[in-house]
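Here's the structure we're looking at; comments come further down.
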Amino acid sequence: MIPEEIVRSPSWYESSARNRITGLLDAETFREILGPAERVMSPHLELFDLPPAFDDGVIVGRGQLDGKPVAIIAQEGQFMGGTFAEVSGAKIVGLLRAVTASAGTPDGVSAVLLLLDTGGVRLQEANAGELAVSETVRALLGVRAAGIPVVALVGGRAGAFGGGGIVTACCSHVVISEQGRISVTGPEVIETNKGAEEFDSRDRALVWRITGGRSRVLLGGADSYVKGDVASFRAAAARSRNAAPPFTLETMAAEQDRLEKRLSSYGDCRDTPEIWARAGLADPASVPDIDDDAFLALLSEREIKHDAR
Amino acid sequence: MTPVELLTRLFPSGHEVVAGPFNTLAGRAILTDGAAVEIVGVTDGAPLSPEIAIELAGSIIRIVQDGKKTPIVLLIDTASQRMTRRDEMLGLNEYLAHLAKVVTLAGLSGHRTVAVLYGAAAAGAFIATALAAQTLITIDGAHPSVMDLPSIARVTKLPLEILEKKAETTPIFAPGVTPLAATGAVLENWTEADNFSDRIETVLTLEASSDTRDTLGEERGGRKVAHSVALRVAAEFGKAAR
Amino acid sequence: MRDWTRQKTERATRMDAAAPFADGKVVAADNATDMLRRVIKSGDRVCLEGDNQKQADFLASCLAQVDPADIHDLHIVQSGLVLPEHLDLFRLGIAKKLDFSYSGPQSGAIARALDQGKIELGAIHTYIELFARYYVDLTPNVALIAGVCADRDGNLYTGPNTEDTPTIVEATAYKSGVVIAQVNKIVDKVPRVDIPGDQIDFVVEAPRPFYVEPLFTRDPGAVTDSQILMAMIALKGIYAEYRPKRLNHGIGFATAAIELLLPTYGEKLGLRGEVATHWALNPHPTLIPAIESGWVEQIHCFGSEVGMDRYMSARPDVYFTGKDGTLRSNRLMCQNAGLYACDMFIGSTLQIDLAGNSSTVTPDRIAGFGGAPNMGSDAHGRRHVSDAWLKAGREAAGGAGPLVRGRKLVVQMVETFGEGMKPAFVEELDSLALARKLNMELAPVMIFGDDVTHIVTEEGIANLLLCRNADDVEQAIRGVAGYTPVGMARDRAKVEALRQRGVIRRPEDLGVDPMEANRNLLAARSIRDLVTWSDGLYSPPSKFRNW
Amino acid sequence: METFTIRARARAPLPGTGRQAIVGVVASGNLEILLERSETDNDVVVDVATSARGFRAVWEAVVADFVTRSSPGGVRFSIHDNGARPDTVTLRLLQGVKLLETQP
C-alpha cells in the first residue's frame, strides 16, 4: 500500500540524538561518557530562567560500528538548537582530545562520528560557545592529524549552521541527506540584516537550494548523499571512514585549488540551478524535485568525488 | 590604529608588507635579532568573504610550503563573515573552515602562529581568523564579539536592558575584550603604553603546541567548568573502552 | 406613476460614466481605480470577493485608493475580510458597515476596529447564510471578483478556485448590479466558461495573479503524538462505531492526523470502504495517502488548494472537474452538501464550555466562522436516512421509536490545553466577554452545545448523545477535560458512573494504547512524503518545503 | 523556572532491574525525565524543574494519577520541563517506567 520510496524505518530527521546513536552503532555497544545521571549541566541557563538538560544537549561516548571501535558525538538539535556552549562544547573537545591521545594505543578508535544538529553558538553562553567551536576545530584537526578520520553526519532539524557549518567542513568526510542543511549565517539572520530581497527565509525551496543536502553534495560541500533513514546514515558512516583524506599540506593545497576553482567558475551565479546548468546538468530545475533514487543515479553518473577536504 | 602604525610598533627593525586584493595584506617583518616573521592580514573591518578567506589561506599555504617554519603573525581587522545569499550558496562555511584549517596546519607543522586583533572580528569570521591562531593578542580598542547585544536580545527574546544588566554579572556572553579574555580567548591585551615589539617577541617564544584556552578560562574565572569537564571526559574515555 | 426600472436606469448611468475607461469590456489596469470611481456610489453594498482562500486583491487595492470624499459609507458584504486593504477601506472611511463570515489573519485588526467604532457590524455569518442573504436583503450593487482568465466578451474561467464567484455574480448581475472581474490574463478563448460573459460588465488584467492562501495544507511533520492519540480514539470510538461514509473534516492538525492514519491504523481496523468514502472537503493534501490507498470514492470541494491542481486533474474519478480537465469548486454547493448530505462533521475548536458550546473567539480576536457552524449543525430539514445518522438519532432519543429521526454527528476534537498551556475547557467562553465589550446582541459561538454530539480529547470521548440532562453533559465534559481547572473540578463518582454508561470512553476502554500513539503510524511524515504518495503530482507551496 | 519536589507512596516497587533510564528531550512543549532506582521500597520522589510557573497543583494531580496507574515504587524521577502539557508528561512517565522495567 505505502509507496516503497516512503521511508518507514526510523528517520534521521525525526529521531532524537540518542536514537540516532542507537541506530548508528552495533547493538548494545554504546558506552556513554558523562551520561545524564552525572548531571553535568550548563551552569548558565539558570541566569536566563531556562530549563537545563542532563546532558546539555550533547551525548558523547564510544561504541562499535561493524565490530570496530569508534568514538561518537551527537548533538540534540531539539534542546537549545543543539548549540555549542560551555559544557556541551567541553564534552566534544574532551572526547576529541582523548581520541588523539589514544591513537595507536589499545584504547584507540577507528574513526570519530560527529552527528551535527546545531544552530551554532548558544547565544546565552556566546563567548564560551564561540571558544568551544574554536577548540573543537583545533581538537578535531588534531584527531585528523593523528590519522583518524572524523565523519560528519548532517540531516537533523537544526542542520549545521554558524560554527557548526565551519566544524562540518573541518571533518574528513561529510555525509548528508536531502533535509540536511549546511551554512554559516542562517537565512533568517541574513534576511534580518540585509532584507528579504537578499534572502527570503520563508521561501523554503530557496533555503534548500542554497543550503540543502543536494546542493551541498553537487557543489562538493558534502561527500556522501544518503536517503533519510538511520540505516542509510549507518552504511555511509561505515563506508566513509575508510576513504577519508588525511589532514596534510597536500590535502590543503588541493582544497585551496578546489575552492579557488569554485569561485572562478560559479562566483557570479545567484542561485544553484545556474551553477548546475553551467556544470552541465541536463535538467537543473528538476534537481530538487526528483526522488532520492534518481538523484543518487545522477550523482553516480557525475562522479564528483574529491579528496580535498 | 592603522596596519602600518601597528607594524611599525610591532617590528621597528623593519617590515615589508604589501596590500593584496580584497582588503588583505601579506609580507614579512624582521625581529630585533634579525629573524624573519611572516605577516598575513585583513584590514578595514572588511566582512570576511570567500575571496578574502581564500586569499589569506593561499598566502599561508605558500608559507608552509616554503618549509622554513617561520613564525606567522596574523593582523586582524575584519567584521563578521559576509552575510549574503551568494556567499552561503558558494559554501562560505568551507572557505572559513579552509582558512581555519590552514592556520591550524601551520601551527601543527611547526610555525608559531599569533593573531593580533587590532580591530573587529565577529562570529564565524572570528573563529576562522583570530581564534584559529595558537595565540590571540588584542590591542586596546579591539572589538571581538560573537554577536552584538541587540542581536542577542532579538534571538533570546530578552529586553536589551535586562541583557546589559546580566552582562555585569558574567563574562559568558557579552562582547568585548574583557569578557572574552576572561573566558580564555585572549592571552594578552596590549595598551598604548606597552612596548609591542618586546611583547610580540616574548609571545613568539612561548610554547603553544597544545590548546590551553580552557585552562586559561578556568584560571581567570570566566569559564569555570569547561576545562574540568573536558578532563573528565578524557579520563572516562579509556575506561569506557573496557 | 411609479418608475419600476430605477435600478436599470441607475445601472445604465454608471455604465455610461465608466465607458470612457474601458475598451468594450476590457479595462486597463491603470484605469481600474478611475473606473471604480464611476461605477461605485457612496452607500453602495459592495462585494469585494475574498474568502478564506482566493482574493480579488488587485481590485481591493484599487478600491482602497479612491478618495473617501467621493466614495464613502460603503456597506461591505463578503465572506472573507482577510487582506490589510479590506481593513483600510474602513480605516480610511471609504466603507462603514460590514457583513461577513471569516477574517482569519485580520481577526485582531477587526476586533480593534470594532472597538474603535471604525466598523459598524451587521453580523458574522456562516458562508451559506451570507450567500442566502445576497438573495434577500444584502444583494450587492457592485461585485468585484477574481478569475483566472477572461475573453474580451467577459466570458470567465474561474478554474479550480471558482469558490464564491458564481454565487456573488448571480446575485449581482440579475439584480441590475455591476460586475467587475480581475483576471490573471485576457485570452482569445477561455478553457471553459465558468461564468458567461453576459453576467460580466468589465474585465481587468491584473498586474499579478490573484492571491490564494494555502489554508488547508497541514504539514505532517508538525503532527504531534497527542494529536495521533486523539485520531486513534476518534477512529476507534466514532468512525468504527457509527461508520459515517459521508463527511467533512475541519482544518486542524487532529483531523489531519485522522486523514494520515486512514491507510495505516484505519486499515488495521478494517474500515476501508466502510467509512469516509464520500466527502465535502477542500483538497486537503493530507488526504492524498487515503485517496491513493483506495479509501475515497469522491470529493466535492468548496475551493481549491495551492499545489493540488495537477493532482486533482489526474484524479477526475475522485474530484469534480470540467471538460477542460481542471477542478471546479463551488462554495455554496459544497456548503449545502456539508449541511444536508453529510453524516458527520469533525473538527477542532479553541474553547468549550460546560454545555458544550464552542468558540474560536479569544478576547482580542474575531476570526469569524467560515463554514463550521453550517457543517457542524444538524439539518432539521433532512429527510433521507443513513445508518450513521439513524444510530446517532437513536442514541439521542434513548431508543428506536416510530418517529425517531436521525442526528448528524458533530464531533469536536480538542487538546485539553492549547497554546501556552491555556485550558481549552472553560466555565465561560471568552466570546461572551467580547460580546459584552462590543455590545453585540449575540455572542459569536462557533457551534452551540445542542448540536455537538461528541467531544474528543486525549483523555477520551464524551458522548453527549447519551446524556440525559444538563448535569450529565457538564460531568461528561469535565470527565474528558483532563487536568484543566474544569477537569479537576469534576465529580469523580459521577464521572465514573458516566463511564459505566459508556458516555465517557477512555483510551483503555477502547483498546487504544497511548504508548503506541507515535509518528511512525502516520502514512506520511512530511510534505515530501505526500509528494511521493501523489507520484509527484502535488507541488506544495515553497513555504512548506524542506528540500 | 519553578522547582519543587513531589513525594508519593506506590503500591509496590517497580519490577525489573534497570538502574537508570532517560526519556524525552527538553524541547518546547516537551520534557526529559531521568529515572533512577534510588529510593526505598515503595517511595516515589519526583523532582520537577519547569519553565511554566503556577502549575504545581496540576503536576501533583498528574503524579498522583500516574502513581496509582503504574506503581513505580523505589524510583526517583528528575524532570526538566519546557512547558509540556499534562498528557505529554503522563506519556513520558509511562515510557520511562517501561524503559526502566525492561532494561537489563
Side-chain angles (χ1 to χ4, degrees), chain A residues 1-16 19 77-78 155-159 176-181 187-188 196 199-217 225 227-230 271-272 285-295, chain C residues 213-214 217 219-225 228 259-273 286 288-296 306-307 310-311 518-547:
Chain A
M1 240 356 143
I2 295 178
E4 260 178 48
E5 311 85 71
I6 290 184
V7 175
R8 301 306 301 168
S9 58
S11 125
W12 187 269
Y13 185 78
E14 295 214 348
S15 295
S16 67
N19 288 340
Q78 296 180 77
R157 284 172 198 274
I176 199 163
S177 61
E178 180 177 59
Q179 282 117 350
R181 285 172 297 163
E188 291 82 4
F199 204 156
D200 180 357
S201 65
R202 283 163 311 168
D203 183 347
R204 310 224 308 166
L206 173 67
V207 171
W208 255 266
R209 281 202 308 277
I210 299 298
T211 70
R214 290 189 178 184
S215 294
R216 287 307 179 212
V217 77
Y225 179 87
K227 293 185 182 183
D229 59 320
V230 176
D271 204 345
T272 41
S286 74
V287 166
D289 285 316
I290 56 178
D291 65 28
D292 269 342
D293 286 321
F295 184 71
Chain C
E213 172 73 18
T217 302
D219 185 348
V223 175
T224 65
D225 291 353
I228 292 166
E259 289 154 21
L260 293 168
L261 286 188
L262 291 176
T264 56
Y265 190 69
E267 189 75 29
K268 212 173 83 183
L269 297 177
L271 296 177
R272 179 157 51 93
T286 40
I288 292 172
I291 295 170
E292 295 301 305
S293 307
W295 280 69
V296 177
V306 181
R310 219 154 48 96
Y311 175 73
N518 66 65
R519 295 179 39 77
N520 288 331
L521 277 181
L522 299 176
R525 289 183 292 188
S526 63
I527 293 275
R528 180 64 148 158
D529 281 354
L530 294 175
V531 175
T532 305
W533 269 103
S534 77
D535 206 12
L537 292 166
Y538 170 46
S539 34
S542 182
K543 70 174 181 178
F544 287 104
R545 293 169 58 124
N546 57 2
W547 69 91

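As the structure is a computational prediction, the values presented were derived from the model and not from experiment. A, B, ... follow the sequence lines: proteins, then strands. Residue 1 opens every chain. Side chains are part of it too, since the values below use all heavy atoms of this structure and drop only hydrogens, waters and symmetry mates.
- Residues Arg545(C) and Pro288(A) have side chains in contact (heavy-atom distance under 4.5 Å, counting atoms from C-beta outward).
- Contact annotation for Arg214(A): only side-chain heavy atoms (C-beta onward) come within less than 4.5 Å of a heavy atom of chain C.
- Among all heavy-atom pairs drawn from Ser11(A) and Arg525(C), the shortest one is CB-NH2, 4.0 Å.
- Here the shortest heavy-atom pairing between Ser542(C) and Ala205(A) reads OG-N, 2.9 Å.
- There is no contact between Asp200(A) and chain C, counting heavy-atom distances below 4.5 Å.
- A salt bridge is defined here as a Lys NZ or Arg NE, NH1 or NH2 lying under 4.0 Å from an Asp or Glu carboxylate O, and Arg528(C) with Asp292(A) fails to meet this definition.
- Between Asn546(C) and Arg204(A), the shortest heavy-atom distance links the atoms CB-NH2, 3.8 Å.
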